[in-house]
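The chain is numbered in sequence order, starting from 1. Counting starts at 1 for both ligands and their atoms, in listed order. As the structure is a computational prediction, the values presented were derived from the model and not from experiment.
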Amino acid sequence: MGRPKCPTCFRELAEPARVLSCEGSCSSESPTEANRLRGWEERVRPPVPVEDGRLSGVCPRCKEPTRQEACAWCLGPIPALWRESQPVVTCIAMAGARSTGKSLYLAVLRGQLELWVTTQHRSHLRAHGDTDRIFDERYRRPLYQQRQMLTSTATIQDDETAQRPLIFSFKEQGGRTRALVLRDVAGEDLEDLASRSHRLEFLRRADGIVALLDPYKVESIREMLRGAYDASGEPGGDGIKVIEQLLDFLSQHREGRHTRVPFAVALSKVDALQELRKVAGTRLSLAMARAGSPLRRDPSMRSPAIDRDDVDLLDAEVRSFITFVDGPGLPNLLREHAERHRFFAVSALGGRPRGDAVPDAGIAPFRVLDPLKWILEEDT
Ligand SMILES: Nc1nc2c(ncn2[C@@H]2O[C@H](COP(=O)(O)OP(=O)(O)OP(=O)(O)O)[C@@H](O)[C@H]2O)c(=O)[nH]1
Ligand SMILES: [Mg+2]
Ligand SMILES: [Zn+2]
Ligand SMILES: [Zn+2]
């Protein structure tokens with residue numbers, strides 16, 4: 001934990017604040033050419049210098065006053081809470097190939113976080129900045145109102161605004177304020193990381209990464225599930241390769257170098273694996289049918305802190321599962337490149353979607369809080 005970070009570029013903030021952004025008439029202008037060249041398409045507001053260290057200033061262009069702090073690097077907005085309450089700011093980014101379930105994970109995570117913060121921390125989950133609007137447009141309306149799956153996340157090349165962070169805060173049980181920044185990432189960008197790395201530098205500055213791995217994309221599992229559970233034509237590249245490339249990027253492409261960013265690898269859509277119980281006779285179906293399997297129960301909502309025994313067991317189970325179906329490549333790679341890593345298993349929907357519609361039985365998230373709870377404890 002260092003100084004609070006910018007929720008957009010994850011860089012540490014200048015101390016004291018140096019820049020504000022115009023909230024007046026300039027803010028509705030179209031992007032200037034200069035900003036576009038710097039990759040600031042969405043941030044058209046001219047920077048306003050802070051006067052005498054006070055968080056207020058007047059826009060040199062439209063002469064209107066503003067109190068909105070901005071990041072001196074990327075000009076992204078800084079929520080007032082950052083200076084008011086000096087929260088522990090934890091910036092988390094999603095990762096994984098296309099269609100691994102990153103956006104659906106974030107969509108259901110909010111409700112799970114609300115419940116957890118209310119029951120376990122006796123606090124209230126507050127949303128900051130544009131979070132409510134972004135969440136409504138991109139996640140809540142399609143999933144909970146129209147009851148549909150989400151469209152693929154726009155790449156950072158086409159639309160930087162598509163990946164604006166969701167920002168929440170709550171008071172932890174011990175009284176400290178925690179701010180949680182969640183950034184969705186397009187699988188398409190990660191599959192082409194080498195040529196887009198300059199736009200994805202923020203991943204190296206994250207306080208945690210949740211990398212999803214879709215079991216359907218592992219050929220041997222797909223074979224076993226055939227008949228019991230067919231995944232219909234979802235796009236997306238090799239999930240393991242995407243994680244490999246990301247680890248290489250995070251460890252700065254240097255042999256023997258570790259990234260310090262806590263790295264949670266989560267098998268997504270484990271509702272599909274739970275179906276393996278119905279496939280008779282394989283070693284995997286026997287493992288899934290075991291009553292005590294951590295892949296069959298979800299205690300994540302029951303405690304404010306992580307239950308070490310439970311997540312150790314889960315880590316061992318998923319690790320041996322991956323080794324069994326795909327060999328030791330991924331576990332070895334993680335050991336070599338990520339100082340702090342762990343395996344998890346999640347399901348955002350808790351069941352199979354009906355075409356593009358939510359499952360008949362509704363949405364029942366499974367273990368989605370685990371990776372978050374682990375990252376929050378790593379960042380204290
Ligand atoms: N069975 C099952 N399917 C899921 C689950 N989560 C996601 N899916 C399926 O995976 C598809 C892709 O999910 P998204 O969350 O949009 O995937 P994404 O990783 O954000 O994809 P990009 O935005 O393209 O990178 C969904 O439309 C569902 O069909 C889950 O928990 N269970
Ligand atoms: Mg997405
Ligand atoms: Zn920034
Ligand atoms: Zn202005």
Side-chain angles (χ1 to χ4, degrees), residues 4-14 18-19 21 38-40 42-43 47 69-79 82 89 91 93-109 138-139 142-143 147-156 158-160 162-165 181-192 201-202 205 210-217 225 229-237 239 242 266-275 345-361 363-368:
K5 286 176 169 175
C6 162
T8 304
C9 70
F10 295 0
R11 285 187 178 90
E12 288 188 357
L13 286 193
R18 288 211 301 263
V19 187
S21 65
R38 297 167 85 169
W40 293 348
E42 55 164 313
R43 292 170 219 111
E69 186 181 355
C71 166
W73 281 92
C74 73
L75 296 187
I78 307 297
W82 265 224
V89 180
C91 297
M94 297 304 298
R98 265 176 301 161
S99 273
T100 42
K102 301 177 291 297
S103 299
L104 274 176
Y105 176 86
L106 285 180
V108 306
L109 182 64
R138 206 164 307 138
Y139 305 98
L143 186 66
R147 316 282 298 165
Q148 292 291 307
M149 297 295 100
L150 307 175
T151 51
S152 191
T153 306
T155 101
I156 204 159
D158 293 346
D159 180 6
E160 201 145 355
Q163 297 178 24
R164 290 192 44 195
V181 177
L182 302 165
R183 265 196 82 158
D184 204 352
V185 176
E188 194 183 334
D189 287 329
L190 291 165
E191 287 179 23
D192 189 25
E201 280 282 334
F202 68 90
R205 299 184 286 265
V210 179
L212 298 188
L213 182 63
D214 182 348
Y216 286 143
K217 302 281 159 54
L225 284 171
Y229 201 111
D230 287 320
S232 48
E234 280 167 20
V242 167
L267 275 179
S268 60
K269 315 182 188 180
V270 291
D271 52 280
L273 294 184
Q274 289 161 347
E275 297 286 314
V346 302
S347 168
L349 299 174
R352 180 187 192 170
R354 199 165 26 86
D356 265 343
V358 300
D360 287 331
I363 300 169
F366 178 81
R367 282 195 181 269
V368 298

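- The environment of CZ in Arg11 is crowded: more than 12 heavy-atom neighbours from other residues, nucleotides or ligands sit within 6.0 Å.
- Distances from ligand 1 to the non-hydrogen atoms of Ser99 include at least one value under 4.0 Å.
- Arg98 places no side-chain N or O within 3.5 Å of a backbone atom of Ala186 that could act as its donor or acceptor partner.
- Between Glu188 and ligand 1, no pair of N/O atoms sits closer than 3.5 Å.
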Query raised in the report: Are Val210 and Leu182 close enough, and set up right, to give a side chain to side chain contact (heavy atoms under 4.5 Å, CB included), and what steps lead you there?
Result: CA-CA 10 Å; Val210 179; Leu182 302 165; over 6 Å; no

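- The minimum heavy-atom distance between Gly351 and Pro359, with the atom names listed, is O-CG, 3.6 Å.
- Legend: protein N/O/S atoms lying under 2.8 Å from the Mg ion (ligand 2), waters omitted, number 2.
- Around the Zn ion (ligand 3), the protein contributes the following N, O or S atoms under 2.8 Å, ordered by chain and number: Cys6 SG, Cys9 SG, Cys71 SG, Cys74 SG.
- Annotation: salt bridge (Lys or Arg N to Asp or Glu O under 4.0 Å) contacts of Lys102 (sequence neighbours excluded): none.
- Ligand 1 does not have Ser268 within reach: every non-hydrogen atom of the residue lies 4.0 Å or more from it.
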Query - side chain to side chain contact (heavy atoms under 4.5 Å, CB included) between Leu109 and Tyr139, worked out - result: CA-CA 11 Å; Leu109 182 64; Tyr139 305 98; over 6 Å; no

Requested in this report: Begin from the C-alpha positions of Val358 and Met149 and carry the test side chain to side chain contact (heavy atoms under 4.5 Å, CB included) through to its verdict.
Outcome: CA-CA 7 Å; Val358 300; Met149 297 295 100; 4.1 Å; yes

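- The minimum heavy-atom distance between Leu143 and Ala107, with the atom names listed, is CD2-CB, 3.8 Å.
- For Arg98, no nitrogen or oxygen atom sits less than 3.5 Å from a nitrogen or oxygen atom of ligand 1, counting backbone and side chain alike.
- By the 3.5 Å distance cut-off applied to N or O atoms, Thr100 is counted among the residues near ligand 1.
- Heavy atoms of Asp271 found under 4.0 angstrom from ligand 1 belong exclusively to the side chain.
- Within ligand 1, the atoms closer than 4.0 Å to a non-hydrogen atom of Ala348 are 31 (O), numbered from 1 in the order shown.
- The parts of Lys269 lying near ligand 1 are both backbone and side chain, judged by heavy-atom distances below 4.0 Å.
- When heavy-atom distances to ligand 1 are checked against a 4.0 Å cut-off, Ser152 comes that close through both its backbone and its side chain.
- Atom-to-atom distance recorded for Leu104:CG and Lys269:NZ is 8.5 Å, nearest 0.5 angstrom.
- The backbone N or O of Lys5 lies less than 3.5 Å from a partner atom in the side chain of Trp82, making a donor-acceptor pair.
- Judged by distance alone, with hydrogens and angles left aside, the side-chain atoms of Arg205 form a donor-acceptor pair with the main-chain N or O of Cys9 at under 3.5 Å.
- Residue contacts with ligand 1 include Gly351, since one of its heavy atoms falls under 4.0 Å from the ligand.
- Here the closest non-hydrogen pair linking Ser99 and Asp214 is O-OD2, 3.7 Å.
- Taking all atoms of both residues into account, the shortest heavy-atom contact from Val89 to Pro4 is CG2-CB, 3.9 Å.
- Remark: distances from the non-hydrogen atoms of Gly96 to ligand 1 are all 4.0 Å or more.
- Between the side chain of Asp271 and the main chain of Ser347, no donor-acceptor pair closer than 3.5 Å is present.
- The shortest N/O to N/O separation between Gly101 and ligand 1 falls below 3.5 Å.
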**Report entry** Steps toward side chain to side chain contact (heavy atoms under 4.5 Å, CB included) verdict (Leu212, Val346)
**Finding:** CA-CA 9 Å; Leu212 298 188; Val346 302; 4.2 Å; yes

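- For the pair Ile78 and Pro7, the tightest heavy-atom approach, listed with the atom from each and the gap, is CD1-CD, 3.8 Å.
- Atoms of ligand 1 lying under 4.0 Å from at least one heavy atom of Pro353, given by number and element, are 1 (N), 2 (C), 3 (N), 29 (O).
- Under a 4.0 Å criterion applied to the non-hydrogen atoms of Met149, ligand 1 contributes the atoms 26 (C), 27 (O), 28 (C).
- Polar contact with ligand 1: absent for Gly350 (N/O pair, distance under 3.5 Å).
- Among residues two or more places apart in sequence or in another chain, the side-chain contact (heavy atoms from CB on, under 4.5 Å) test is passed with Pro142 by Gln146, Leu150.
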